[in-house]
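Labels below follow one simple rule: chain letters A, B, ... track the order of the sequence lines, proteins then strands, and each chain is numbered from 1.
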Protein chains: 2
Amino acid sequence: MTVTSCPQSVGRPRAFDTDTALEKALEVFWRRGYDGTSLADLTEAMGINKPSLYAAFGNKEQLFLKAIELYESRPCSFFLPALEKPTAYQVAEHMLYGAANNMADKTQPQGCFVVQGALSCSEAASAVKAALINRRLAGEQKLHERFAQAKIAGDLPAHVDAEVLSRFMGTVLQGMAIQANNGATAEQLQQIAEMTLQAFPR
Amino acid sequence: MTVTSCPQSVGRPRAFDTDTALEKALEVFWRRGYDGTSLADLTEAMGINKPSLYAAFGNKEQLFLKAIELYESRPCSFFLPALEKPTAYQVAEHMLYGAANNMADKTQPQGCFVVQGALSCSEAASAVKAALINRRLAGEQKLHERFAQAKIAGDLPAHVDAEVLSRFMGTVLQGMAIQANNGATAEQLQQIAEMTLQAFPR
DNA sequence: CTTGTTTTGTACCGGTCGGTAAATATATAG
DNA sequence: CTATATATTTACCGACCGGTACAAAACAAG
């Protein structure tokens, strides 16, 4: 019968912070992709040795999956907050401009980790590729539900196909990730956001 | 002073067709990306051994660059033919529907090789990544010039910013490549094309 | 035939891949 | 102090990486 050991009960204490190490791993995976990232790249960026990485995160694949969770829960994430805006148009507006500013942010890798983390990849990466596809589809599903709710609330015309609209939004957002990789600036992405909003049903 | 040896003059004849081998290489690179493709993957798909690959194509990087050229010159390529349509709207129409059908075509890898061949990659792949970015920017540049010409011809309103419009088109087309990777059908991509055309200035 | 030229298959190169065994170091519990 | 538990470092594992040396094989020229 052991006492609940909340923060570190026994044994040699870990010499690094797992959260900051995971952030470093996310940045490397984001920049180089799963196949393009080696364990040497990771351990160097994280400032730890391989056994520490395996003890703390399992293996390369599990580390990548944890990086996905971190990416979506970061404070600068724009997707979920935009969903809570009062009208469908404002949801689209905040999401598009949030994406424009986030994806071209020079203080982090360009583009979107969920889009480019493992787009085309080896068979060894098929599991993480599937995980990213599921995240992209889940995002569009959330947007679909939000737009369906907006039709009920009356701030989106009844004739609008919420599923097509959400997939169109996903297409533009994912295209913006490629644009950011092409070197597009935040201003240029904002022009894309503006043009997309002109096509948005009101 | 040697006679011009047009088709095979001397030596053991090559036992494979370089064009079909290059097509096989394109398919593997397209599906797995540069980093995710090994020489073993390539030689197996191409049906040749490594020395034959190196003698015919140089090395992995040069083979990839030749695969880009093949990809853009294939008969089913939709980009350049669409540019020759008589009006800006028809250019956009043919390009968007051509992309919808091509990127979801089940007889080839989903999506667009130029988008996903080396989006996020290792430093070893930085040259091919840059080559793909240049191809994407060159496509948008061609579209830009076509729209500028359309403004002069009068089939695109003078107030339209041709550069923004071409970048918007590129964003949607690149987003459609991600959608195809998500498993979107040709019909779903056609809905994206339709919605994009509704936003197109006339 | 012989000679010269090119491609072929095999076998190999050093280096790196993801992952781990083992010994040492640093903490707590008693 | 000793005992236990966890993290650290170092060194290493077999497999695979991209790329090549070499000799046998298959052709044309003479």
Could you state the [atom1]-[atom2] distance from [X] to [N], rounded to the nearest angstrom?
X	N	atom1	atom2	value
A:E123	C:dC17	CD	P	20 Å
B:R32	D:dC16	CZ	P	14 Å
A:D17	D:dA7	CG	C1'	15 Å
A:L63	C:dG19	CG	C1'	14 Å
A:F64	C:dG19	CZ	C1'	19 Å
A:R14	C:dA25	CZ	C1'	16 Å
B:D35	C:dT16	CG	P	16 Å
B:F16	C:dT6	CZ	P	15 Å

When we call it a touch if two heavy atoms are under 4.0 Å apart, what does A:A15 touch: a base, just sugar-phosphate, or nothing?
-> sugar-phosphate

Reckon B:T37 touches a base, only the sugar-phosphate, or nothing at all at heavy-atom distances under 4.0 Å?
-> sugar-phosphate

Which of the following nucleotides, D:dC17, C:dT10, D:dT9, is nearest to the side chain of B:N49?
-> C:dT10

Is any side-chain N or O of B:S52 closer than 4.0 Å to OP1 or OP2 of C:dT7?
-> no

Excluding sequence neighbours, so at least two apart, what forms salt bridge (Lys or Arg N to Asp or Glu O under 4.0 Å) with B:R136?
-> none

Using salt bridge (Lys or Arg N to Asp or Glu O under 4.0 Å) as the criterion, list what pairs up with B:E44, not counting sequence neighbours.
-> none

Short question: side chain of A:N49, backbone of A:P51 - any donor-acceptor pair under 3.5 Å?
-> no

Do any N or O atoms from the side chain of B:D105 and from the backbone of B:T107 form a donor-acceptor pair under 3.5 angstrom?
-> yes

Residue pair B:I48/A:D41 against DNA chain C: nearer the 5' end by closest nucleotide is B:I48

Can you name the side-chain contact (heavy atoms from CB on, under 4.5 Å) partners of B:R146, sequence neighbours left out?
-> B:L83, B:V91, B:Q149, B:A150

Can you list the residues that meet the side-chain contact (heavy atoms from CB on, under 4.5 Å) rule with A:Q191, with sequence neighbours excluded?
-> A:Q188, B:V164, B:R167

Can you check each nucleotide of nucleotides 19-26 of chain D against protein heavy atoms at under 4.0 Å and return B for base, S for sugar-phosphate only, - for none, in 5' to 3' order?
-> BBB---BB

Output all residues satisfying side-chain hydrogen bond (donor to acceptor under 3.5 Å, both in side chains) with A:N134, sequence neighbours left out; order by chain, then residue number.
-> none

